[in-house]
Colleague: 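Following this message is one structure expressed as structure tokens.
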Amino acid sequence: MKHRAALALAVLSLAPFASFGLAPAAQDAAAPAPVSAAVAPSTITLDPVHSMAVFRIQHLGAGYFWGRFNGLSGTAAWPLDDTAAPTFDVVAEVKNVDTGSDKLDGNLQGPNFFNQAEFPTIAFKSTSARRVGERRYAVTGDLTLRGVTKSIEADCVVTGIGKGPLGQKVGFECTFTLNRSDYGMKWGIDAPKGALGNEVKMIIALEGDVAKAKN
Amino acid sequence: MSEIAQYILSVVVIPAAVAAVVALPFALRPLRDVRVAAEAGVACALMAAFVVSFTNELGWNAVVRQFVEIPGDDAPFERWHRVGTTALFLGAAAWGVAFLRGGAVRSRAAVGVAAALLAAIAAAVLVRFPGASLPSQLTLAALAIGSMLGFASVARRVMLWAGWLVFGLLAFLSGEGGFASLAVMCGATSAACFFVGVARAIVALGAEISAAAKRDAEGGERPPAFDAAPRGVAAPIALGTLAAVVAVCGHSYNATEIPAGFWHAAVLLPFLVLVADIAVRPSVMRHRRILGFSALLLGAAVLVAGYAVWRAQATDPAPSTDRELLDMYGG
């Protein structure tokens, strides 16, 4: 009984902070239900140090090979009370591809793959979204890769709302799969046959700073 | 056959074999006695190797979409595809140059020089890769002229072997620069130079034996032997221009930042024959082909060794394990 009372007291003491997203642990574990009064979407400036895209592709029909793009930049918008879907405008720079091997990074930046010299960035801009669960959305948007723009749907989750030294931070994780041949990146699919898979799984981890409201 | 072997067959061996088959009739009678055909045939065959490799690697759409929109084709236009178009034009232009030179008996040399200059200027004006600037285009033109001069005069006697090594080195540098497609196309051209060189050497050897037998049987003067080196300027113009364009292309897309000097040295390799000629000319005039070829081989080996040393020195510093507090906490 004594323990329950202490727990209730602790929960009550955190409640005011939780509504403003200042208690990360509680936010992650049990996200609050959307409130009825809609709040304007907060503009979130992506933090390149903590935003990255990880990709996975099959090598020689055998293992899955992972690489990542470091330093994603751009913006997102989302009302912190989850009353509307997030929007994203994200850019990755091809020069930031990182596989752990300089030589492989060079190959991926070359014309056979991302062609960094001609297409230095990869961009995603969301166009619509539908809610599929609490803090979870199917986000549709235009992915521009190697100068080709195609619509894709990503499964996006709000991973948490936290507080950093400079203010509130929000995290998202989006997952989708694409066929690289759709973007003219065909080397290794048919010639040499099966050197690399066509299907690429992408996991985009985003973290950004919530813009402070102007008085 | 493994997938990789099939790939190499498709983009290197078959294009080189096509070149050898196309070039062979121009080494045999009656075509080898037709000046225009003898001059243009080899150049056309060597360019065909590059074009066949290009189209086997990327498909004809990669050439066609540079000129017209293809219905249902949403693949991006990429500037480096100009190398395929360059080879295609050079193969066709070889016939034009040979016809003009064939018709201009008195000013044959002038037509050759004009054609070489035109090829260099056209390459500099029409073939622009990412980051192109006036200095880079002037470099392209200068490299093309230098390379043509190297193939046409300095290394004429060993032209096909010089082509074999120049494009072999360009293939090596392209591969090292993360540009597999360009590497296989250069590899195909290099192999084509080798195959055509071997075929012409065999024909020349046959002609030599036949001439000697004829002289022994009939007496009199020894008939002129067949020269294994291609005649005229069409082949040097095609090889020199393509080598320069490939080198500038490879350097422009070079993600691993191989210094431009390696690319330029590969293109200008034929000039080593001149060095060898000057160094030992008085004593071994009868062995100039072997001497020239040895100089080329030595130069290629030195370039690869120099590259290996550069690569060993150009290692990135180990990534720092210290992370700033702000990075950790999101400043």
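Proteins come first, then strands; the chains are lettered A, B, ... in the order of their sequence lines, and each starts at number 1.
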Colleague: Working to the nearest 0.5 Å, report the span between CG of B/Asp74 and CG of A/Asp182.
Modeller: 8.0 Å
Colleague: Can you tell me which portion of A/Phe113 sits under 4.5 Å from chain B's heavy atoms? Options are side chain, backbone, both or neither.
Modeller: neither
Colleague: Are more than 12 heavy atoms, taken from residues, nucleotides or ligands other than B/Phe172, located less than 6.0 Å from that residue's CZ atom?
Modeller: yes
Colleague: So which of B/Gly177, B/Ala75, B/Pro76, B/Gly131 has the biggest tally of heavy-atom pairs under 4.5 Å with chain A?
Modeller: B/Pro76
Colleague: Answer with side chain, backbone, both or neither: which region of A/Lys186 has an atom nearer than 4.5 Å to a non-hydrogen atom of chain B?
Modeller: neither
Colleague: Write down the atom of B/Gly178, the atom of A/Pro111, and the distance for their closest heavy-atom approach.
Modeller: O-CD, 4.5 Å
Colleague: Which one of A/Ser181, A/Gly184, A/Gly110, A/Ala117 has the most heavy-atom pairs closer than 4.5 Å to chain B?
Modeller: A/Ala117
Colleague: If you tally heavy-atom pairs under 4.5 Å against chain B, which of A/Lys150, A/Glu118, A/Gln116 wins?
Modeller: A/Glu118
Colleague: Would you kindly say whether B/Glu57 and A/Trp187 are connected by a side-chain donor-acceptor distance under 3.5 Å?
Modeller: yes
Colleague: May I ask you to name which of B/Tyr7, B/Phe77, B/Phe179 has the most heavy-atom pairs under 4.5 Å with chain A?
Modeller: B/Tyr7
Colleague: Can you tell me which of A/Gly167, A/Ala195, A/Ala191, A/Gly194 forms the most heavy-atom pairs within a distance under 4.5 Å of chain B?
Modeller: A/Ala191
Colleague: Counting only non-hydrogen atoms closer than 4.5 Å, does B/Ser2 touch chain A with its backbone (N, CA, C, O), its side chain (CB onward), both, or neither?
Modeller: neither
Colleague: When rounded to the nearest 0.5 angstrom, what is the spacing between OH in B/Tyr253 and CG in A/Asn112?
Modeller: 11.5 Å
Colleague: Roughly how far apart are B/Gln6 CD and A/Lys193 NZ, rounded to 0.5 Å?
Modeller: 9.0 Å
